[in-house]
Engineer: 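The structure that follows is given in the form of structure tokens.
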Amino acid sequence: MAKAQADPRPVTSQAEVAAEQPTPDAGRIAAMLEQIASTGVARRRPGITRLAYSEPERAAHGLFAGWLEKLGLSVRTDAAGNTIAELPGTDPEAPAIGIGSHLDSVPDGGRYDGIVGVVGAVEAARCLTQRSARTVHPLRFVAFAAEEGARFGEPCIGSKIVARRLRSTTLARRDRDGVSLAEAMERVGVDPQRLAEAAWDPKGWAAFLELHIEQARVLESVGRRIGLVDSVSGSTRIRITVLGQADHSGGTPMHMRTDALAAAAEMIVAAERLANEPQNRGARITIGQIQVAPNSITTISGQADVTVDIRDLDWDRQRVIAERVVQLSNEVCERRGARIEVDLLAHTTPVVLPMWIRTVAAETCTALGIPYRVLPSGAGHDAQVINAIVPAGIVFVPSREGLSHVPEEWTNPADVALGVTVLCGMVDRLDTVLSGDLQDASDDVA
Ligand code: GLV
Ligand code: MN
Ligand code: MN
């Protein structure tokens, strides 16, 4: 970790700070979003593919590092492939306030998920460095590696490593091309034997903030440009392998088949029905991936692998639903003479984010005259993982029509700039609260 240096410049009052601080610029934000997008691979159709621990992801981290170095910050890549830049505070002993998000994408995804929080961190760094006043606490700007669980099933790998929450068995998990997580890391210069070196000492961090697109349509529907997240859904991901009997499509009568794909189809519909049961209202179940073998027009499917992603704000219900999906799948397959094998890919808990950070966020918005809406997050986030070791807050900006994980994903750069204004305001307020100078917001409730 770069050693924080004491900064001799005087600390000015909050009002003075606000008056002299450069304002976030939507044009600069749009240009950075465009540059990061250029590192993604265009596959079959429009959209960005910048998978976890891939060269395109590394290229995006390189841009982030370059921008922050130009601002005069010391930048390093940790043992997990996360990029971290530091702006010293006036007290070299004070724990840091972190800001950041991720730079990887899902396959054929959009240009904003994660990127908005990283580009927002750069713009916040620019505003906070280009004023004379310094915060007491050091500021750290972070681009996490491998947040999307799309490649290896496990989400938030970079943040789980720093929070010591990555199970070592995950390193053996293989992507669709048979490349293991450990191999993917090695290919981009990350040593899987040395991941523990990336662990954060919680004593060195005071708070962590993530700016992110909403990925839903609440803000748009209520006409708010800023969302303050109170809780984040968990996700349980399982792979169910249906084993039937491959056979000739012409020679095998309908009553003599054990068709793995037909069984999977029935399982998928049963899972959808389960999610729509009244007691599960609010839970989400998605079967987003299916692989069939031998995948031939003239052969009955002998094997079908489906992934199930169960999201909920209620941890107990999330687990009960996961068990029920497996039970229903077993019932369907037994009736059809097939059988299943089940792999647990990931099991991330929902979290309630600390009330005191949200209070700081709400007070910041009120002081700046920015209306906001408090809301939960259906998607998962690095800040949700980091919150296990450092109190975290998440600020949302609207997603057009709620679309996300698709090429059509879009967020207005002016809204991102507003989000950066909120982040910078929160940094200053947190800096004061954490120094013990502002009692109201630090009266912790949660
Ligand atoms: C991250 O985008 C997730 O899948 O929740
Ligand atoms: Mn994201
Ligand atoms: Mn995502």
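Read the numbers this way: they start at 1 and go in the same order the structure lists the ligands and their atoms.
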Engineer: Which bit of V106 is near ligand 1, meaning a heavy atom under 4.0 Å away: side chain, backbone, both or neither?
Structural biologist: neither
Engineer: Looking at ligand 1, does any of its N/O atoms fall within less than 3.5 Å of an N/O of A379?
Structural biologist: no
Engineer: Could you check whether atom CZ of R339 has more than 12 heavy atoms from other residues, nucleotides or ligands sitting under 6.0 Å from it?
Structural biologist: no
Engineer: For D259, give me all partners under side chain to side chain donor-acceptor pair (under 3.5 Å), at least two apart in sequence or on another chain.
Structural biologist: none
Engineer: How far is atom 4 (O) of ligand 1 from the closest protein heavy atom, and which atom is that?
Structural biologist: R311 NH2, 2.8 Å
Engineer: Yes or no: does H405 have any heavy atom under 4.0 Å from an atom of ligand 1?
Structural biologist: yes
Engineer: What I want to check is whether the side chains of H61 and N82 have a donor and an acceptor closer together than 3.5 Å.
Structural biologist: no
Engineer: Can a salt bridge be assigned to the pair E183 and R174 using a cut-off of 4.0 Å between side-chain N and carboxylate O?
Structural biologist: yes
Engineer: Between E123 and R126, does at least one N-O distance fall below 4.0 Å, as a salt bridge requires?
Structural biologist: yes
Engineer: Answer with side chain, backbone, both or neither: which part of Q384 has a heavy atom less than 4.0 angstrom from an atom of ligand 1?
Structural biologist: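 No part of Q384 comes within reach of ligand 1.
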Engineer: Enumerate the protein N/O/S atoms at a distance below 2.8 Å from the Mn ion (ligand 2), ignoring waters.
Structural biologist: H102 NE2, D113 OD1, H212 NE2
Engineer: Is it the case that over 12 heavy atoms from other parts of the model lie below 6.0 angstrom from the CD atom of E408?
Structural biologist: yes
Engineer: So, R284 versus T286: side-chain donor-acceptor pair below 3.5 Å or not?
Structural biologist: no
Engineer: Backbone N or O of L33 within a donor-acceptor pair of the R111 side chain at under 3.5 Å?
Structural biologist: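 No, R111 side chain to L33 backbone: no donor-acceptor pair under 3.5 Å.
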